[in-house]
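A quick write-up on the structure given underneath.
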Amino acid sequence: MSSVSPRADLESLPKYIPGRTIEGAIKLASNEVPGGALPSVAQAIAEAAAGINRYPDTGSQVLRERLARELDVPVERVAIGCGSVSLCQQTIQAACAPGDEVLFGWRSFEAYPIVTQVAHAKPVLVPITEGQELDLDAMLAAITDRTRVVFVCNPNNPTGTAIRRAELERFIDAVPQRVLVVLDEAYKEFVTDPEVPDGVEYTRTRSNVMVLRTFSKAYGLAGLRVGYAVAPEAIADALRQVYVAFSVNMLAQVAALASLDAADELLARCQEIVAERGRVRDELLAAGYQVPETQANFVWLPLGEQAVPFAEHALDRKLVVRPFAGDGVRVTIGTREENDLFLAAARDFSR
């Protein structure tokens, strides 16, 4: 008897591998912040829970208007999605026809090739440099007549490296106007280098630039899934057209608004993570590891073939880190106590 089959090309679809959660182990694998939601945000969520029998505002209008005021952009250029990863897929669906090319550095955010292929577009992976940075010159050289979208993850996930203003501006200016440059700034709140630009500024002067951001990381709302885009008006409208109705739930919208109200408290917590980030990197360098400068809430150890053995070594010590086989290991900055346990494990690893 014949049966219904899924798309044949799904067999070749890359698999998204989330950071593991193991009971009793310290999780440093998913770039979550250790403190959770801010207390005022948790209270807003609890109060809003009484209304979960009602559908959320599928247009997230109040949140869009608030973000437009915060960023000083027209509300028509703001779109909301179920986390920035959902907006990545919406972007490809909105901008690409089957067979069009989506270009990005590699290694970079592992969802890029997945959401590209799901949308019947063609992923084009451009190797990063030996310094673990996006190779913008090579990315420019890889643009073809079929290229429609270029993702620039800044800071880059999983390496943490960031592109500075002059280099990024040269790149954007050299990209053909018909190609949409997507600046993925999921870790923007952890950036301390003044030479790493705010991508929203480019959306004011360039007609082919959009920015993605999320409430999952610095805001501590990873479990609620809400992100946003600032884009050219036609693209923002298209993002809303391909949006899955009601996918940003009511609690997520309430939590995002409450988080914006608590900006000062949020930034203070980010500074604590940044301080620990510097300490952890310094200790790893002292222990003989190569660790590129990071502007995110994690560090990257380019261990190559030792990546998986290192992760197994850490797991033996009840520490869950994120290995990328053959490339390296990404380690989220946790509390000071958690970081000390990780550093002890790193010093014990035999290379």
Side-chain angles (χ1 to χ4, degrees), residues 31 71-73 84 88 103-109 112 124-143 147 149-177 179-214 217-218 229-231 267 270-271 273-282 284-285 289-302 327-328 330-333:
N31 298 341
L71 300 169
D72 191 24
V73 298
S84 58
C88 288
L103 190 151
F104 43 86
W106 197 254
R107 183 168 289 275
S108 192
F109 184 30
Y112 295 154
V124 178
L125 285 64
V126 179
I128 60 175
T129 69
E130 289 186 6
Q132 308 298 300
E133 298 176 329
L134 297 178
D135 190 337
L136 295 187
D137 289 337
M139 291 171 69
L140 275 175
I143 293 175
T147 307
V149 175
V150 176
F151 283 107
V152 179
C153 193
N154 199 36
N156 186 44
N157 176 18
T159 65
T161 54
I163 302 166
R164 272 63 182 181
R165 180 173 288 102
E167 185 182 8
L168 184 58
E169 289 178 0
R170 282 195 298 269
F171 175 80
I172 292 172
D173 289 342
V175 172
Q177 285 292 302
V179 177
L180 181 65
V181 178
V182 181
L183 303 178
D184 187 346
E185 297 185 340
Y187 301 93
K188 176 68 175 67
E189 293 82 3
F190 301 104
V191 172
T192 55
D193 186 339
E195 285 302 307
V196 178
D198 181 334
V200 172
E201 295 305 313
Y202 297 119
T203 69
R204 306 184 199 282
T205 57
R206 273 81 167 182
S207 61
N208 66 329
V209 175
M210 69 176 280
V211 169
L212 297 178
R213 292 187 185 163
T214 183
K217 308 303 181 187
V230 180
L267 293 175
C270 287
Q271 288 306 307
I273 293 171
V274 165
E276 274 296 284
R277 177 183 77 190
R279 184 179 75 88
V280 169
R281 180 172 183 260
D282 288 345
L284 289 170
L285 290 172
Y289 287 91
Q290 294 182 357
V291 187
E293 182 182 355
T294 174
Q295 290 290 310
N297 69 327
F298 54 84
V299 292
W300 171 250
L301 283 65
D327 289 326
R330 189 191 68 198
V331 185
T332 306
I333 300 301

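This chain uses plain numbering: 1 for the first residue, then up along the sequence.
Applying the side chain to side chain donor-acceptor pair (under 3.5 Å) test to Arg165 and every residue at least two apart in sequence or in another chain returns nothing. Scanning for ring-ring contact (aromatic ring centres under 6.0 Å, His included) contacts around Tyr112 gives Phe104, Phe109, Phe151, with sequence neighbours left out.
Across Ile128 and Thr159, no two heavy atoms sit closer than the pair CD1-CG2, 3.9 Å. For the residue pair Ala186 and Lys217, the shortest heavy atom distance occurs at O-CG, 3.6 Å. Shortest non-hydrogen contact noted between Gln290 and Pro302 is O-CD, 2.9 Å. Here the shortest heavy-atom pairing between Pro197 and Lys188 reads O-CE, 4.2 Å. When all heavy atoms of Ala162 and Asn154 are compared, the closest pair comes out as CA-OD1, 3.2 Å. Counting all heavy atoms, side chain and backbone alike, Val179 lies closest to Thr147 at CG2-O, 3.5 Å.
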| After noting the C-alpha distance and the side-chain angles of Val200 and Arg213, does the key distance pass the side chain to side chain contact (heavy atoms under 4.5 Å, CB included) rule? | CA-CA 10 Å; Val200 172; Arg213 292 187 185 163; 3.6 Å; yes
| request: Check step by step if side chain to side chain contact (heavy atoms under 4.5 Å, CB included) holds for Arg330 and Asn157. | output: CA-CA 9 Å; Arg330 189 191 68 198; Asn157 176 18; 2.8 Å; yes
| request: Show the numbers, then the answer: is there a side chain to side chain contact (heavy atoms under 4.5 Å, CB included) between Tyr202 and Leu168? | output: CA-CA 10 Å; Tyr202 297 119; Leu168 184 58; 3.8 Å; yes
| task | Show the numbers, then the answer: is there a side chain to side chain contact (heavy atoms under 4.5 Å, CB included) between Phe190 and Ile333? | result | CA-CA 11 Å; Phe190 301 104; Ile333 300 301; over 6 Å; no
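Considering Val230, Val209, Leu212 in turn, Val209 is the only one that fulfils the side-chain contact (heavy atoms from CB on, under 4.5 Å) rule with Leu183. When each of Arg164, Arg281, Arg277 is tested with Glu293 by the rule salt bridge (Lys or Arg N to Asp or Glu O under 4.0 Å), just one qualifies, namely Arg164. Exactly one residue among Val182, Ile163, Asp184 makes a side-chain contact (heavy atoms from CB on, under 4.5 Å) with Val152. That residue is Ile163.
Salt bridge absent: Asp198 and Arg204 never bring a charged side-chain N and a carboxylate O closer than 4.0 Å. Using a cut-off of 4.0 Å between Lys/Arg side-chain N and Asp/Glu carboxylate O, Glu276 and Arg279 are scored as salt-bridged.
In this structure a side-chain-to-backbone donor-acceptor pair under 3.5 Å is missing from Asn156 to Thr161.
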Side-chain donor-acceptor contacts of residues 130-138 below 3.5 Å, not counting sequence neighbours, with atom names and distances?
| residue | atom | partner | partner atom | Å |
| --- | --- | --- | --- | --- |
| Gln132 | OE1 | Trp300 | NE1 | 2.8 |
| Gln132 | NE2 | Glu130 | O | 3.3 |
| Asp135 | OD1 | Asp137 | N | 3.4 |
| Asp135 | OD1 | Ala138 | N | 3.1 |

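Two residues are said to be in side-chain contact when any heavy atoms from C-beta on lie closer than 4.5 Å; Thr192 and Gln295 meet this criterion.
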